[in-house]
2 protein chains.
Amino acid sequence: MTSIDDVARAAGVSTATVSRALRGLPNVSDPTRERIHRIAEDLGYVASSSASGLASGRTHTIGVAVPSVSRWFYTTVLEGVDAALRAANFDMILYNLASRGGDRERVFHRSLLRKRTDALIAIGVDFTSAEREQLLSVGHPLIAIGGPVPGVRNIGIDDRAVARAATEYLIALGHRDILHLGGADDEGLNKRMPADRRLGFLAAMEAAGLPVRDEWLLTGRFSPIVSRGVMLDLFASPGPRPTAVFANSDEMAFGVLLAAQQSGLRVPDDLSVIGIDNHDMAAAFELTTLAQDPHAQGTLGAQVLLDELRGAPPRRSSIRADFELLVRGSTGPPR
Amino acid sequence: MTSIDDVARAAGVSTATVSRALRGLPNVSDPTRERIHRIAEDLGYVASSSASGLASGRTHTIGVAVPSVSRWFYTTVLEGVDAALRAANFDMILYNLASRGGDRERVFHRSLLRKRTDALIAIGVDFTSAEREQLLSVGHPLIAIGGPVPGVRNIGIDDRAVARAATEYLIALGHRDILHLGGADDEGLNKRMPADRRLGFLAAMEAAGLPVRDEWLLTGRFSPIVSRGVMLDLFASPGPRPTAVFANSDEMAFGVLLAAQQSGLRVPDDLSVIGIDNHDMAAAFELTTLAQDPHAQGTLGAQVLLDELRGAPPRRSSIRADFELLVRGSTGPPR
DNA sequence: TTGAAAGCGATACCAT
DNA sequence: ATGGTATCGCTTTCAA
């Protein structure tokens, strides 16, 4: 393995100069710099990240914590983060904080706190207060995306507002019998988000003077399959039926649409469905939704951290991301 | 930041002993070990990964290269990899090799080769021969999952066989007019996989003496939306229609199902659809598919690398993963 | 503009 | 079982 000494020797300069030249620092004459670059290339020299990390205290790496890597929102944020990191020549260590418990704690201890990363992005995760304390005590820049964590600045849409907007749209179409498909408080996931969206739903209903039936406050656990099952059950049982469904995510809305189709209900004539996200497949489903842009949120979050690592003054405040109603074919007036 | 010296001092032992004790190495008396553990805990000491990486040459990190993080197959493998890594206390650096080109090369140079990782898993990526050479020259354990890379051992299903099995099932149902929805050779993605599946399709058709129409060899670029668009076009145009579609992935099959539904075709009466994967949502779509288990493939791949890092003799051969026909409601005899 | 040399914080070998 | 110490490869003053 060729080291910086090899390059220095071959170039007839000191390691200090090689280091400066290769990192683009000033105070290296152009000819020298070029020669060093050429030689490094020839020798296939690449600096050891451990060594430079140890010497400089910076790892050029950002940690990204997600509760799962198989849900659209998270992966889309992830791609946004990745884009920003790549442009800045940073690497990304991915922490899958799926389950609370032993493993989770180990991850925290062994890695997050191990000077392995220069900063941390938490996507849709929730932390215990002990965890939060640890994180903050490390002193690294930290930002949350997609689910407010108390005491941590955050990037994300206004969950109450978006739910309210969705519900109000259904109401404006003339719906009175609206079912809300919420999310479960899965372990380790951020739980304020579904709670806020539910509040937004309730607020809109109340403002319109519409009754909310307990049996129409269901949970799809943010899963299409679960949502479909829940709706199939509902459609199969006797009793009144909603004319519209507001789902906390497009993925759950997909499940609703599939259940409707498989139950012989026509959309939107028999049932209107609205979601949140504008998932990649929403257009294919003709799903009306409140679109947000997780990719941009990820990029922005990464950018904030990168700026601060470059010396920018830390921003303390959270950032509200945009959302927008996108009308497609899954909604219409009640028949 | 407390360092190993602080712990050594507080415990009244040498740094060597602290290091041994904390890493669970032999030759430390039980009382000493316990005392050190306690003190380290109290002081909140966590070893610097850069320092230990530099000294030991091992980073306890595995690199995972994916072409995209937003496709079911990749993320599912990723979760499998993650599970194995977590159990072994390894971290994961994620390389998004989305596009070939400048960035890609930089990622290669700056990170993969920077002794940043102890081993590498390539999921569904394709490498240029230059890239392959570089990778192999680093001498790290390396394994590919989900798309054969020449010269690199691989874990994955037999693509020709799985495509053949899917096609043969349709033929056995009585279908003669079968459309194949393949994948495009996106930049940077593994291209042998779609090619092999196409060969499997063609082989099955030929073996059954069935004609293959050029205009029924379509591409859905592994995307539901694209696939839906392609099929909507087909359904809207005059001319003969296939009675069955074999899609290279469930995600494309979803697009086909949505297009069929939106074109007023009944499944499976008017159109049978079969996919590959057993995607999370396949059951919700009632999609017949050839199921594979990417999670297990990921875990296995990680395990192979971890074993070798622990000194196990390297295995040179590839591993064939299983697949299995899963019949659901999207297939039936032609009407 | 360049070089010499002192760290950075662990690991691992060799003594004891 | 424990300690002393050279070493890993780079960064970063401080001098020249």
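Chain A is the first sequence line, chain B the second, and so forth, proteins listed ahead of strands; every chain is numbered from 1. The structure presented is a predicted model; accordingly, all values stated were derived computationally and were not measured.
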Test item: B:V81 and B:T299 side chains (from C-beta on) under 4.5 Å apart, heavy atoms: no
Closest of D:dT11, D:dT2, C:dA10 to the A:A55 side chain is D:dT11
Rounding to an integer number of Å, can you tell me how far A:H60 NE2 sits from D:dT11 P? 10 Å
B:L54 CG to C:dT11 P: how many Å, rounded? 11 Å
To the nearest angstrom, the CD1-C1' distance between B:I4 and D:dT5 comes to 14 Å
Between B:V13 and B:T32, is any pair of side-chain heavy atoms under 4.5 Å apart? yes
Any B:F127 side-chain heavy atom under 4.5 Å of B:L97 side chain: yes
Tell me whether the side-chain N/O atoms of A:S14 come closer than 4.0 Å to OP1 or OP2 in C:dT2. no
Under-4.0 Å side-chain N/O to phosphate OP1/OP2 contact, B:R23 with C:dA12: yes
Review item, nucleotides 13-16 of chain D N/O atoms under 3.5 Å of protein N/O:
none

Report the distance from atom CZ of A:R9 to atom C1' of D:dG9, rounded to the nearest whole Å. 13 Å
Assess the side chains of B:S50 and B:S48: does a donor N or O sit below 3.5 Å from an acceptor N or O? no
Side chains of B:T17 and B:I36, heavy atoms from C-beta outward: is any pair under 4.5 Å? yes
Tell me: CG of B:L25 to C1' of D:dA1, nearest whole Å? 13 Å
Given B:I62, which partner from the list B:D91, B:T117, B:L85 fulfils the side chain to side chain contact (heavy atoms under 4.5 Å, CB included) test? B:L85
Looking at five pairs on each end of the helix from C:dT1-D:dA16 to C:dT16-D:dA1, what is the angle between the two axes, given to 10 degrees? 30°
Below 4.0 angstrom, N of the basic side chain to O of the carboxylate: do B:E308 and B:R153 qualify? yes
Hey, mind stepping through B:L78 and B:V66 against side chain to side chain contact (heavy atoms under 4.5 Å, CB included) and telling me if it holds? CA-CA 9 Å; B:L78 216 54; B:V66 293; 4.2 Å; yes
Side chains of B:Q292 and B:F73 in contact at under 4.5 Å (non-hydrogen atoms): yes
Upstream residue (5' side of DNA chain D) when B:V13 and A:A51 are each assigned their closest nucleotide: B:V13
Using a 4.0 Å cut-off on heavy atoms, which residues in residues 26-37 of chain B reach DNA chain D? List them by number, or say none. B:N27, B:V28, B:S29, B:T32
Give the rounded distance in Å between these two atoms: CG of B:L22 and P of C:dT11. 9 Å
More 5' along DNA chain C: A:T17 or B:Y45, using each one's nearest nucleotide? A:T17
Kindly indicate whether the side chain of A:E79, heavy atoms from C-beta on, has any atom under 4.5 Å from the side chain of B:N96. yes
Side chain proximity check, A:I143 to A:L305, heavy atoms < 4.5 angstrom: yes
